[in-house]
Amino acid sequence: MNDIFPLLFNCFVALLLITFVFSAAIKSDRLYQRLAAFVMRKMGRALPALPEAALRAAFHEPASLPGRAAAKVVIYAPALATASLVTLCASLPFCTFIPIIDNGADIIQMAQLLLLSEAFAVAALCSLGTKEGLDFAAAEAKAALRLLVPLAASAASLSFFFTQNGVDRDPFSLNSFSVVGRFSAMSPFGICGSLLFAFIILSQIPHRGTAESSELFEASEMPDFKGAPRALLQLWSIARSFIIISVVVFVFFPHNIIENIGESVGIAWYRQALSFAAFWLAVVLARLFIVPLCQFAMNFIERRTPEKYAEAATPLLLAASMALLWYEGLLLSQEAALF
């Protein structure tokens with residue numbers, strides 16, 4: 001009985017922090033839309049207004065579904081897709097001060113929950129019963145594949161590298177995935193492979209529209225699909241992208257530097273709060289500046305590649321990044337064998 005109250009308190013704090021993560025995802029997406037609109041207006045390409053209240057207002061609209069839609073699936077699947085992301089946040093160490101789910105195998109949990117979330121979202125789109133809904137489902141499935149395959153490949157390659165590097169923790173735990181502290185022990189091959197993985201993943205973050213929003217629909221698309229189910233899919237798409245960006249930032253975040261600054265003050269909670277604030281500020285800045293630069297660079301590479309090989313650009317870069325990290329791991333294993 002005595003253990004219930006600490007558990008309830010931890011869950012309450014975690015819920016507040018997860019709410020913060022979703023709010024930060026929406027705010028950063030809207031801020032980027034405004035920045036993109038401002039830049040394009042300066043270039044003489046006017047954009048329509050991007051009101052921040054659009055998503056909030058969509059939840060208050062009366063629900064409207066296409067005539068042939070499977071109503072129960074369309075209504076419940078978006079909620080389940082969003083709930084899967086909430087569960088994912090509860091298992092990640094940087095979304096809560098105290099993870100609610102055992103985070104001994106964060107990468108495996110993350111892959112399972114992301115796949116489950118994608119499955120619910122695609123099921124909702126397929127259940128709309130329209131050709132446009134099926135086109136959206138096919139496009140979303142393709143985008144998820146282009147995003148999740150590099151994410152899984154990078155996790156496997158980094159796990160192999162950390163295993164060969166003698167990591168004293170679970171190599172599949174996200175807590176082990178911090179390469180900044182190991183850059184000094186890496187050769188240029190490993191550093192280039194890690195940075196190339198980050199570039200590929202961030203360049204594949206789904207985005208829609210001229211302002212590069214992470215929303216699933218533009219305002220003019222699917223006009224007969226309105227209300228909370230549509231708004232939940234929009235929220236799901238924004239939060240999904242933001243969480244994946246945060247995972248990439250976590251790998252390259254200088255945890256040791258922030259912790260050393262906090263330790264100089266001598267207050268435990270101050271160090272934790274400083275690390276939390278610095279990390280999420282880095283995620284927002286990555287969403288605003290690094291992600292668009294990676295997407296622009298990938299588009300440039302694909303445009304410069306001959307048309308019949310354009311779609312092979314990302315797989316080739318992915319194979320190169322895997323080869324670099326696995327080569328780095330093999331070098332480490334050979335050095336260990338010599339001793």
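Hydrogens, waters and symmetry mates play no part in the numbers below; they use all other heavy atoms, side chains included. None of these values were measured; they are calculated from a predicted model.
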Just how far is it from atom [atom1] of [X] to atom [atom2] of [Y], taken to the nearest 0.5 Å?
| X | Y | atom1 | atom2 | result |
| --- | --- | --- | --- | --- |
| Ile301 | Ser203 | CD1 | OG | 8.0 Å |
| Ser241 | Trp236 | OG | CH2 | 8.0 Å |
| Phe59 | Gln234 | CZ | CD | 9.5 Å |
| Arg68 | Thr130 | CZ | OG1 | 9.0 Å |
| Phe160 | Leu325 | CZ | CG | 10.0 Å |
| Leu116 | Leu88 | CG | CG | 10.5 Å |

Given side chains that start at C-beta, do those of [X] and [Y] come closer than 4.5 Å, heavy atoms only?
| X | Y | value |
| --- | --- | --- |
| Leu85 | Leu235 | no |
| Phe120 | Ser84 | yes |
| Met298 | Gln204 | yes |
| Val248 | Phe253 | no |
| Gln295 | Leu202 | no |
| Leu151 | Leu114 | yes |
| Glu328 | Ser187 | yes |
| Ile107 | Ser159 | no |

Transitively linked via ILVMFWY side-chain contacts under 4.5 Å: [X] with [Y]?
| X | Y | result |
| --- | --- | --- |
| Val149 | Leu316 | no |
| Ile18 | Leu80 | no |
| Leu195 | Leu293 | no |
| Leu281 | Ile244 | yes |
| Leu134 | Leu65 | no |

Practice item. Step by step, work out the side-chain contact (heavy atoms from CB on, under 4.5 Å) result for Phe20 and Phe276. Key: CA-CA 12 Å; Phe20 162 80; Phe276 183 85; 3.8 Å; yes

Practice item. State yes or no: are the ring centers of Phe197 and Phe252 separated by less than 6.0 Å? Key: no

**Study point:** Pair Phe289 and Tyr32, ring centroids less than 6.0 Å apart
**Key:** no

Review point. Given Leu147 and Ile201, is the side-chain contact (heavy atoms from CB on, under 4.5 Å) satisfied, shown in steps?
Key: CA-CA 6 Å; Leu147 179 63; Ile201 294 170; 4.3 Å; yes

Distance-minimising heavy-atom pair for [X] and [Y]:
| X | Y | answer |
| --- | --- | --- |
| Leu128 | Val74 | CD2-CG1, 3.8 Å |
| Ser321 | Gly193 | CB-O, 3.8 Å |
| Ala124 | Ala77 | CB-CB, 3.7 Å |
| Phe279 | Ser246 | CZ-O, 3.4 Å |
| Val73 | Ala123 | CG1-O, 3.9 Å |
| Ala239 | Ala25 | CA-CB, 4.2 Å |

Using a 3.5 Å distance criterion without hydrogens, assess whether the side chain of [X] forms a donor-acceptor pair with backbone atoms of [Y].
| X | Y | result |
| --- | --- | --- |
| Ser157 | Ser154 | no |
| Ser237 | Leu233 | no |
| Glu302 | Glu311 | no |
| Ser117 | Leu113 | no |
| Asp29 | Ile238 | no |

Practice item. Indicate yes or no: does Arg240 engage Glu118 in a salt bridge with an N to O separation below 4.0 Å. Key: yes

Practice item. Could you tell me whether Arg30 and Glu215 make a salt bridge, using a distance below 4.0 angstrom between a side-chain N and a carboxylate O? Key: yes

Exercise for review: Please assess Cys89 against Phe22 for the test side-chain contact (heavy atoms from CB on, under 4.5 Å), listing each intermediate value before the final yes or no.
Suggested key: CA-CA 10 Å; Cys89 286; Phe22 275 71; 4.0 Å; yes

Point to revise | Within 45° cone and under 6.0 Å: Arg287 NZ/CZ vs Phe242 ring | key: no

Practice item. Mark yes when over 12 heavy atoms from residues, nucleotides or ligands other than Arg303 sit less than 6.0 Å from its CZ; otherwise mark no. Key: yes

Practice item. Assess whether side-chain contact (heavy atoms from CB on, under 4.5 Å) is satisfied between Phe225 and Glu132, documenting all intermediate values. Key: CA-CA 11 Å; Phe225 179 38; Glu132 193 174 6; over 6 Å; no

